[in-house]
Amino acid sequence: MFIKAVCDITQKGYEKKRSKLLGAYLPHPPGKSPNSHLTFKGSQSAFRRPPMAPSASRYHRRRSSGTRDERYRSDVHTEAVQAALAKHKERKVAVPMPSKRRSLVVQTSMDAYTPPDTSSGSEEEGGQGEGTPTSSQGSISMEHWISRAIHQGSTTSSSSSSTQSGGSGAAGRLADVLAQTHVGKSGNAPSTRLCVFVCINTCVSSLGVPVSSRVSAKIQQLVNTLKQPRRPPLREFFVDDFEELLEVQQPDPNQPRPEGSQMVAIRGEPLGVVTNWPPSLEAALQRWGTISPKAPCLTTMDTNGKPLYVLTYGKLWSRSIKVAYNILHKLGTKQEPMVRPGDRVALVFPNNDPAAFMVAFYGCLLAEVVPVPIEVPLTRKDAGSQQIGFLLGSCGVTVALTSDACHKGLPKGPTGEIPQFKGWPKLLWFVTESKHLSKPPRDWFPHIKDANNDTAYIEYKTCKDGSVLGVTVTRIALLTHCQALTQSCGYTEAEIIVNVLDFKKDVGLWHGILTSVMNMMHVISIPYSLMKVNPLSWIQKVCQYKGKVACVKSRDMHWALVAHRDQRDVNLNSLRMLVVADGSNPWSISSCDAFLNVFQSKGLRPEVICPCASSAEALTVAIRRPTDDSNQPPGRGVLSMQGLSYSVIRVDSEERLSVLTVQDVGTVMPGALMCVVKPEGVPQLCRTDEIGELCVCSIATGMSYYGLSGMTKNTFEVFPMTSSGAPISEYPFTRTGLLGFIGPGGLVFVSGKMDGLMVVSGRRHNADDIVATALAVEPMKFVYRGRIAVFSVTVLHDERIVVVAEQRPDSTEEDSFQWMSRVLQAIDSIHNVGVFCLALVPANTLPKTPLGGIHLSETKQLFLEGSLHPCNVLMCPHTCVTNLPKPRQKQPGLSIGPASVMVGNLVSGKRIAQVSGRDLGQIEDNDQFLFLSEVLQWRAQTTPDHVLFTLLSSRGTVLSSLTCLQLHKRAEKIAAMLIERGHLQDGDHVALVYPPGIDLVAAFYGCLYAGCVPITVRPPHPQNIATTLPTVKMIVEVSRSACVMTSQVISKLLKSKEASAAVDVRSWPPVLDTDDLPKKKPPQLYKPSNPDTLAYLDFSVSTTGMLAGVKMSHTATSAFCRSIKLQCELYPSREVAICLDPYCGLGFVLWCLCSVYSGHQSILIPPSELEVNPALWLLAVSQFRVRDTFCSYSVMELCTKGLGLVNHSPMTHLLSLCPVPKSRGLDLSRVRTCVVVAEERPRIALTQSFSKLFKDLGLHPRAVSTSFGCRVNLAICLQGTSGPDPTTVYVDMRALRHDRVRLVERGSPHSLPLMESGKILPGVRIIIANPETKGPLGDSHLGEIWVHCTHNGSGYFTVYGDEALQSDHFNSHLSFGDTQTIWARTGYLGFLRRTELTDASGERHDALYVVGALDEAMELRGMRYHPIDIETSVIRTHKSIMECAVFPWTNLLVVVVELEGSEQEALDLVPLVTNAVLEEHYLIVGVVVVVDIGVIPINSRGEKQRMHLRDGFLADQLDPIYVAYNM
């Protein structure tokens, strides 16, 4: 029943957690730290770790748990982060921890996950659906809430021991504080709103605040946290009523600005022309293959680190020729070869087979076809593989070359063929192993040309959004690039190079496959799979082979660092160059430093470490040269993060917390020209102290994005300009996608990538920097290093930062949450930016790239779709979203608005919003009677055998019927019984507790005949007595009933043992059972002396949870029936089908009164029978050829859902349920009016889907309409038979929040469709008034609907005699204008619109549009919001949200959603709901509660009981799956 966190079962556990949560608010003895788990002890020095690597045993433990990729490791940064967090210690920010259902916590236990470094396929589902309550528990009905009140009397304890102690101690104090703040604002508190009645749920104290509740304590904690001062607010400006401008970010006047002079493009050294350089790469291969065929070209390793295979230059040459011949001559036919020179073919080779790849690649070059190397698709739905398919399709690839082993490993269909992968073109798979190929004829020889501008190969590149582009590299660029690398790296023949990188692309391809062949070098290739088993393998190979050069990434250096203790005899003095491929990532510097620190003693020289910068578009951008001169230290820059976020270089001291240390990546490549341009807009040169995008002009760059001329122009054909607008060169430059600057001495520094750039409120942040900060917060315990993703999502016109990390299975809920809150603090301190959402997912569930990294765009996609399934989420919209529109300030002092200038019927230029129904017209024969009892007697005399009522069973057969005479006779007997057995006087109140049916009607008229006042009460539900009986008891007591009349079955139920457990059965008034009636009739029938006396009392519970009884006089009752008779043209020959609850409002009037007054036959269909047979109502309508029918929204929903979900058409489904002979068919074409009886805004979506669904059965869409009634007047509008069709308008939702009505076109942004609530009834006058000032409004304003009419109720039947409230609701006067008329206030907001249609009278028709209840409207940020609008937005966000309800609590918006689906999806909903409400309503959600289906209480009219839900939430009674408190 209660929100459970991880071990929160016992009283003790609860106390412990509460004291932790509230620790921050309670006074502490000096010297004691309240939240040792939130703050750091000791000084910074405690966190200074020696830069030495950890012990070997620790390495084993860490390695086995999969803590890979330490690219972001930096001890300096870690200290800075710890210091920043220590600062937070002073400003304790207590973040309320989310509540999670036990079953959800259990599912994140250790055995549910595989360790994260195993294959990406092992995703655990976890035990689904444990702990979800059964539907009977889940569906809390309205009665359940009312019962709590009576059942618990005035006790403050909740019904479970786990919160009983809450009344005392901190939570109690908090509740008091809350109570006071609440009362201060209680101008519109429900207790002062309506009159009588009993406030439901007495476990809420009189101030409306639960006395003991964990939820309210948490919310208070959240409110307090949000009250803490944040960064200075941005300048707010006045917002026009209509144009809600979002806050435009004002530039910070103190922000750093670039001050340097304009930069000058830097030229690299000239590319030396060496005489023996080959004219093309194929020529080089031919040369080495023929003059040194035995020279080793490539050595591959197995997973044990043993040499697997040595490929010599002779083998490479002969096999490449064979591949070239087979590609050109053995695919397709002689006349129609499949592949011609210039065509593109895919190369699909695994990462452990570089030899086969190399042969295929050179085979393609020799055949003059264009290789497109891609990753091996492991499954049909590999992350990103679909996008690769699009690339292959756009390149026109039809053939894929692959190796034998790889071909065998590809997924196969049932017949053994390789299936077409999602998004891929149809491919012919071609295996390139020699044994499968034909030998070329003696006379066939490839044509070896000099390098030219033909495309040599296409390298794929994944963009920020996940799309894959192909970068084309020409043969001349390929050759020039190899020459430039040879020159800058000083490569010579037969050098040994150890390559750990991916040989299919980027640095691994350029050094390990291309440049190596040009220089006849020997490559030792280390596969990723070997590195996973033995991270030291590359160092061992350098030692073993005396390697001169090694190509690695910083993570390989880090792994080696962690593992090196196992190794004794490491000697690295043969190494002259260590190429660090990701040197452009600023965080690689720490790996380089630490590596040098450890291995300097093993022969590693400092000048050997050569970071390089590269990109798919510009190939190698810069590389540090291996110098022999160790006096020249490498370049270092310590940059201020604050400056970087404004793209300005400010050198800072290392002591500062928020700095980024960058190292140079050497100088510009030989033969290239480099400049730095502004990243956005025109490519203008930056100043010398400004960060921009590096651009390169060189032959050795990519040429284009294949097939995308527009993007190519923006990237490969850029002409940088000076500030005066002159281009700096006639040759185009290529954008590298790298951000940085050129420092002193022409050294190139890279500070980040364009792809990782996030622009938040005009400041730039790099994803890598945020990752580094997150990982510096004690990461090892909670999350996996290298399994963390940072990206931005656009919400409300700005980018918002999202951090997603994989959580270790053994970390507890509380640990993870503490880690999350500290990550937020750290990022806030160091980067001065808020994180919008921080999510932890179970280990090994993030989508992976082929080499095991995180697939960023796929992760972002899952996040936005709501399929990430996190196990912990923390949203911080309150801290991040600073561009909301300014809250609206209501102008004080204007007691009467601009409407005060009245001229005739105009208010300040606008027509006054008022309208009347037609006159009640002349009196017919039965209209001369003032009393319904007289009408019945008259009918019993004139038409005794005319049938008035027919009751149907669930099978659609007639259960019973009543004629005029039968009803009269029966009513007489009941009157006699009331007088004799009940000893009642006239004017006594009688409670009628009957199921929907004919007995209820007879009992009602029996009371009128005896002069008693009837009150209809819904009987208790036999299966649910405990929750439904107390409501019955309450109404009987509040209405002061002198006796209860009921049937025999219910009479027994009221006195049963189950009943005595729920209520005190001895205090019932006398219970009369009408099943055995006296034979005689009363001496005389009572005739009221005055038509203004009480006819009956109408009791119902409003949506806000108020029980109110409205007094209906005889005059009002007769006028009401007359008005409906005229509107619907009812007379004796008509049949009307009614499927409504007959206990209050219009439902009661139609069920019991109208037939007697108008003489038509009412076909009564109890709504409860539709649960058994959803088709019952429509079958009856068809079978009895009914022209008018009335139902409720719940009935319509039952029909739409129950009959609409069936696969075949509703027609056949209805027929299958139909007990009548099928041949007659089913026909709804006679229906003129199908009216939904409601007290709310019309539900357009439901009425439209109903009309659409049953259109084929002849239902005319114009027949479906709604009515509108409320407590003061049970029916104000009702679509009659004649009169124009109901109209729909579209209004601007933003204007509506300011109480203005602005019509817009359908489909325009922020438009809201509103349907007219039916035609105004005869005799009804309506005016729209300002609910505060009570002045009349013009028709462009939203205001309260006031009604003047003879059938208004005459007041609340009040027990306490609170006349002030009553007079306000039923006897109000306008503050100016027509101040004489007495109006009743409906409590609903709406507006009037003059339409183009004409009335029966020929006048233009005025339509009334109901927007929502005043009580339910929420005042947030000074604007008026209607819950239904926010709920509609929320329901649309995710397919698993079945229902939603919102309510405000202490200025926070609480959103409750019902989840259909696995509990695993609960946390996906939190970000989606928060985003949707922000985007569409400019509101920040404070709390998101995810519950089971059926928890949101709904009353018999199908309306949500939001206030009950609120009380249940605050009293911890919802048993939510998850509660998230947004920060």
Indicate whether any N or O donor in one side chain lies under 3.5 Å from an N or O acceptor in the other, for [X] and [Y].
X       : Y       : result
Gln966  : Thr963  : yes
His1405 : Glu1316 : yes
Tyr1409 : Thr1287 : yes
His1160 : Tyr1131 : no

Considering the options Glu1416, Glu1240, Glu1443, which one meets the side chain to side chain donor-acceptor pair (under 3.5 Å) requirement together with Lys1504? Glu1443
Please answer whether the main-chain N or O of [Y] pairs with a side-chain N or O of [X] as donor and acceptor at a distance below 3.5 Å.
X       : Y       : result
Ser1123 : Pro1322 : yes
Ser1162 : Trp1151 : no
Ser1249 : Ala1245 : yes
Ser1229 : Gly1258 : no
Thr1189 : Ala1137 : yes

Please verify the inter-ring angle class for His1351 with Phe1120; under 30° counts as parallel, over 60° as perpendicular, anything in between as tilted.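 The rings of His1351 and Phe1120 lie parallel, inter-plane angle below 30°.
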Students often mix this up, so state it plainly: with edges at 30° and 60°, are the rings of Trp1177 and Phe1250 parallel, tilted or perpendicular?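 The rings of Trp1177 and Phe1250 lie parallel, inter-plane angle below 30°.
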So which atom in [X] and which in [Y] form the shortest heavy-atom distance, rounded to 0.1 Å?
X       : Y       : value
Leu1077 : Thr1074 : CG-O, 3.4 Å
Leu1130 : Arg1134 : CA-CG, 4.4 Å
Val1237 : Gly1147 : CG1-N, 4.3 Å
Ser961  : Val947  : CB-CG1, 4.1 Å
Pro944  : Gln941  : CD-O, 3.7 Å
Ala1003 : Tyr994  : CB-CE1, 3.5 Å

Passing candidate, side chain to side chain contact (heavy atoms under 4.5 Å, CB included) with Val1324, options Thr1350, Ile1276, Leu1408: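 Per the side chain to side chain contact (heavy atoms under 4.5 Å, CB included) rule, the option paired with Val1324 is Ile1276, out of Thr1350, Ile1276, Leu1408.
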Among Trp938, Tyr1005, Tyr1009, which residue meets the ring pair (Phe, Tyr, Trp, His ring centres under 6.0 Å) test with His968?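 Per the ring pair (Phe, Tyr, Trp, His ring centres under 6.0 Å) rule, the option paired with His968 is Tyr1009, out of Trp938, Tyr1005, Tyr1009.
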Looking at [Y] and [X], is any side-chain nitrogen of the basic one under 4.0 Å from a carboxylate oxygen of the acidic one?
X       : Y       : answer
Arg1232 : Glu1129 : yes
Asp1098 : Arg1271 : yes
Asp999  : Arg970  : yes

Thr1233/Gln1279 under side chain to side chain donor-acceptor pair (under 3.5 Å): CA gap, chis, key distance, verdict: CA-CA 7 Å; Thr1233 56; Gln1279 185 71 30; over 6 Å; no
Which distance, rounded to the nearest 0.5 Å, do you find between the OG of Ser1039 and the CD1 of Ile1015? 4.0 Å
If you count every heavy atom of other residues, nucleotides or ligands that lies below 6.0 Å from His1260 atom NE2, does the total exceed 12?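 Counting neighbours around NE2 of His1260, 12 or fewer heavy atoms of other residues, nucleotides or ligands fall under 6.0 Å, so no.
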Ring centers of Tyr1143, Phe1099 separated by less than 6.0 Å: no
